[in-house]
Amino acid sequence: MFTSQTPEEAVAGGQVGAHDWRLLVCLAYTDGDTSACLPRKLLPALSPHQKVGRVPGLRGTLWRREALCELLHASRLVPPVRGLVPVCYALPAHAAHLTAAAHALPDTAQWVVKAAHSGKGVTVIDNRKLLEDLRDKRLGSGQVVQAHWGPPLQVLGAYVSVRLYLLITSLQPLRAHAHTHGEVVFRHPPARGYAKMQGRVWTWTELVSWVGRTSGEEATRAMVGHTELVLATLALAADILLPPKLHNLRRASRRYRCEGCYQLLGIDLVYNSSFYPALLGVSGQPDLSFTESHLAAHNPHALGRIQVAGDVLTLLTREAQVVPQVNEALVEASDNLGVVGVDCLISHELCLTQPDLQYLLDTRRESGAFTKPTENGLLDRDTSLGLQELQEGGGTGWLFYNDSYTAGQGKMAPSRNARITDDQFVQMSDTRQTAKKKKKSGFTMIYPSPVGRFYDQVITDLYHAVSFNTSTAFATAAYLLTESWRHVTRDLHSLVTSLEAHYRSLPPGVTPMLASLDLNENEDIEEKWLKHQEQGHSRCMQDLATAPYLQRIILVPDIALVPTFTPLVTTYWAQVEYEVIMVQVTGVALHCQAEARLDDKFGPSTLVNHTLGLGENRVVLAVVDIGHSEPWTLNTYTLHLTRRPPPIPSPDITMNTHQICALKQECELRIAPSEPCGLGMESSFNSWRDFLAHSQSLPACPQGNIHGRWMVPCESCERRASCDWSRTLWQPFTCTHPTLSLHRLRHCLHGKTLVFLGDSTNRGMLYALLERLNGTLTTWDKTHDLRVIRGANQGHTTFAFAYYPKFWLPSNQRPVFDQTLYQLLLRAGPLHNSSDTVVVIGGVHWVAAQHLHMVSSALRREGLEGAKVILKTLGAGFHVAAPGVHTVSLRDHSRLLEHSMNLASYAHHRGYHVVDTFNMTAARYRHFLQGKCACHFHQVVARRKPGGETVYHVEGEINAIYTNILANAICPHHLPAR
């Protein structure tokens, strides 16, 4: 840290001469209006080599929350300023404006209420609550109310804000630098006021890298580009707003522009889901403190703060000969320049003054240039208007430091009382330089910029506000446009943009901030992991940088992942054969305080089973920090495991000699001991064509639970691999379930309301029937609540669904069956006491006789005794042991078969229709689709039409078959007696 003594006090005490200091770092929480740093009257008397770390007027313009809000309110007609900060209102001054704005918004609009002082937290309220608080005068003086910035960016399930560091070293003309170090703050949800999460440590570079990995390179460019634009726009606004604060300071009849001032700002940003930042606040005294424990743990924030402080000093005290480079650039960049007092003609586009030339030299010097020999330039050390390199002979190099640093001749030296030892400083430096190949870190000049054309409109709008007095905040800067002794930022903008393009050539689409970020620092992790592997270490690492990564993924049976595993790749693909219905999976964390957990941060961390349905299965491994009361998610790895369907024989086996095989149950899941298992030949059919003809000749089944079996053509029933499972059909012994034509289905369902009560298997039938009826499925959601779909079948059919049971809730919080049914009937109404009201009840294993009894009672109570009730019986599932779901043994499956048959008998007794799904799903239990329960025989996939519209399709041949049986039950050939 730096001394609290002012130069005036130091001179008075005889510690240093009046001009024997070079840099004053001010730590007082003022903006230079008092003598806490340097009296304002002494600012114009500074020598050219002396710099003071405070720009007067900042606190009353940008630093305080209400000041920033006042600026926005006064500049609401200035587009660049209006776009910096979400609309805000400082109370009580803007109470009337806030009330008017709130009345124009819906009740769901959100506002952020900030306390008068930073660090007091925020409250997120909706528009209705805001109006109530305004009416009841519950909002206090000094509070700031700000419009919410939209859907916030979430990182690993948490909200984040970012603190970046902006260094302004010149005003009019402007010079501003952004540091590569930034601090990411993880925050709790809005309900907790975005309170800071303790312990999560990310840097700005890590956040940008994460965005690139999860959303692509374009998202990275957008995020960094938008951020740089906001920072540069803020600096350009400050460039106009701050100089007038010094209007009473003059030097030789010229208004003083604080040539010896600089300011380090902390810029707080929050991003929306489109990676666009909103400015939350500006700190003129950003916190650069740290603790010894943070240093010992190599905390990136602590190391970054040390780097920021050191880089400020390095940049401001940099000594480099840059005249040759500026000479060369001026010659190359423009052929229509003059120099006042040397060669300035009326035909020249611009004549540079001596302060302009000094600004160009300082700009190049601060960018970290190296000397390049040139000849015949506009500037020469012998003929450049007597300009001298200010660092040469400009004092003895005295710096005002306190107990952390002492004054030294041309360098900084740690004092004896410094809290950071030499060894610690070397260790920190080594930590920051672990990568073999890194981009240069530190400050990057963002204005002037080689992409300065991006700011053309910003500058035009800002100076338009000054010229035409469209903002009271900018009106005081009008005098800047009347001074001729030194050009303003607008005058030099085109020139400095050309010069920077000459100095810093960037690829298309790359900005200085993007070029400065070390997005390849992940190479460090790769190298550490490879070294860890080469040394044969199976144990974890202590390096904090490895915390978000896995050192390996374990799959049993072994499955080859694509691409080959490395810690930095978080998404993998693989294919498994049809016979593999379960895989064991876990991950091994690279860091000792991290674990890999299945699904989410509360999942199991050991080797556990994961069911693999046909098609794509998504397996998620969350890397969590376990050093807290509640684990924190640091990273996620996703495995896309595709289980292939049974292979289709080639050529078509039905064209050659083949057999017709029947399947009632699999031998591995033999639920009916008295029935045969496995494939058995049906000798009554000579060919698949004969079987199809026989099936079509059978009468329609009167019920949906007629005993049947699966039929499939095979080369040989003894070899399952020779069967064409894509042709499989469910065939009752004595009848058939014909496929209803679309015309008949639409005519049958005209005027009907179909009410489905059950779990996801019931929901799958609803959507399959809806897609068949409408020809397409334009909306779909995986609802676990109540949903009513009106307007199907050209407006003539209504569907309603309620999920039951909500097994994930505590037993004392689950809605009871009859209450759920009552709410569903109420929402689906109006209902008719006839077969135009169809109630479908069903689930995997939960349905019991008492549920059917409650259905009868509810329909009688509601006057709907004439409604048609259809029971979907139980279904196969839960036969694979997996975490989070119960497991059903073979013996229990036999009991479920008996229970399902009893349910069907009870339903018939009450006059209900039955659709039996247990026999057909148990016989083909291997054909389940994605889901832990192994009970889903349908899935909904999204498809994009040529015009860009998204539609959905219900996949699953088994679900399609029993949905057709359901349609036959709703639209029968004859009605059974009640």
Side-chain angles (χ1 to χ4, degrees), residues 72 82-88 105-114 122-127 145-164 182-197 200 202-231 233-234 267-281 454 509 511 513-514 517 519 548 570-571 600-601 618 620 622-623 632-638 779-782 942 944 948-950:
L72 180 66
R82 187 173 65 238
L84 280 176
V85 188
V87 60
C88 69
L105 294 173
D107 290 343
T108 55
Q110 289 189 308
W111 299 86
V112 178
V113 181
K114 301 180 180 180
V122 301
T123 304
V124 181
I125 60 176
D126 60 27
N127 199 49
V145 180
Q146 190 171 30
H148 198 276
W149 41 84
L153 173 66
Q154 293 192 44
V155 178
L156 303 175
Y159 301 95
V160 296
S161 64
V162 177
R163 161 64 64 91
L164 297 177
E183 299 171 11
V184 178
V185 178
F186 285 80
R187 299 191 176 275
H188 290 287
R192 296 182 59 180
Y194 294 118
K196 181 179 179 180
M197 291 182 178
R200 287 198 180 185
W202 266 29
T203 63
W204 158 246
T205 302
E206 288 174 317
L207 175 61
V208 175
S209 296
W210 179 85
V211 168
R213 292 196 306 270
T214 57
S215 301
E217 182 180 350
E218 288 303 315
T220 299
R221 290 176 181 267
M223 185 178 203
V224 179
H226 292 158
T227 302
E228 188 166 352
L229 178 61
V230 166
L231 294 180
T233 301
L234 177 66
I267 311 298
D268 294 319
L269 303 173
V270 65
Y271 292 85
N272 63 19
S273 55
S274 299
F275 310 109
Y276 197 90
L279 177 65
L280 292 185
F454 292 157
T511 64
M513 274 190 74
L514 183 61
L517 290 177
L519 300 181
T570 58
T571 304
D600 56 37
K601 63 183 180 181
R618 187 168 175 266
V620 175
V623 184
W632 291 347
T633 302
L634 304 176
N635 201 355
T636 56
Y637 290 75
T638 304
T779 60
W780 171 79
D781 60 54
K782 197 174 182 179
R944 188 171 295 276
E949 180 187 6
T950 299

Output the distance between atom [atom1] ([X]) and atom [atom2] ([Y]), rounded to the nearest 0.5 Å.
X      : Y      : atom1 : atom2 : result
Trp210 : Thr220 : CH2   : OG1   : 10.5 Å
Trp204 : Leu517 : CH2   : CG    : 6.5 Å
Gln154 : Phe186 : CD    : CZ    : 11.5 Å
Thr633 : Lys601 : OG1   : NZ    : 5.5 Å

Where is the tightest heavy-atom contact between [X] and [Y], given as atom of each residue plus distance?
X      : Y      : answer
Glu228 : Leu514 : OE1-N, 4.3 Å
Leu634 : Trp202 : O-CZ2, 4.0 Å
Tyr276 : Leu229 : OH-CD2, 4.5 Å
Pro86  : Ala147 : CB-O, 3.3 Å
Leu164 : Leu231 : CD1-CD1, 4.1 Å
Thr570 : Thr636 : CB-O, 3.4 Å

In terms of side-chain heavy atoms, does Tyr271 have a donor or acceptor partner in Thr227 at a distance below 3.5 Å?
-> yes
Passes side-chain contact (heavy atoms from CB on, under 4.5 Å), Phe275 versus Arg221? Steps please.
-> CA-CA 10 Å; Phe275 310 109; Arg221 290 176 181 267; over 6 Å; no
[Y] and [X], any side-chain heavy atoms less than 4.5 Å apart:
X      : Y      : value
Val623 : Tyr637 : yes
Arg618 : Thr638 : yes
Val208 : Val224 : yes
Leu153 : Asn272 : no
Leu279 : Leu234 : yes
His148 : Val124 : yes
Thr203 : Val184 : no
Ile125 : Val113 : yes

May I have the step-by-step check of side-chain contact (heavy atoms from CB on, under 4.5 Å) for Val185 and Ser161, ending in yes or no?
-> CA-CA 5 Å; Val185 178; Ser161 64; 3.6 Å; yes
Would the distance check show the side chain of [X] and the main-chain N or O of [Y] forming a donor-acceptor pair, the cut-off being under 3.5 Å?
X      : Y      : answer
Lys114 : Leu280 : yes
Asn635 : Pro548 : yes
Arg944 : Glu949 : no
Asn127 : Leu105 : yes

In terms of heavy-atom contacts, does CD of Glu217 have more than 12 from other residues, nucleotides or ligands at under 6.0 Å?
-> no
For the pair Tyr159 and Tyr194, evaluate ring-ring contact (aromatic ring centres under 6.0 Å, His included) and give the outcome as yes or no after the intermediate values.
-> CA-CA 8 Å; Tyr159 301 95; Tyr194 294 118; 5.6 Å; yes
Test Leu207 against Val155 for side-chain contact (heavy atoms from CB on, under 4.5 Å), laying out the working first.
-> CA-CA 8 Å; Leu207 175 61; Val155 178; 3.6 Å; yes
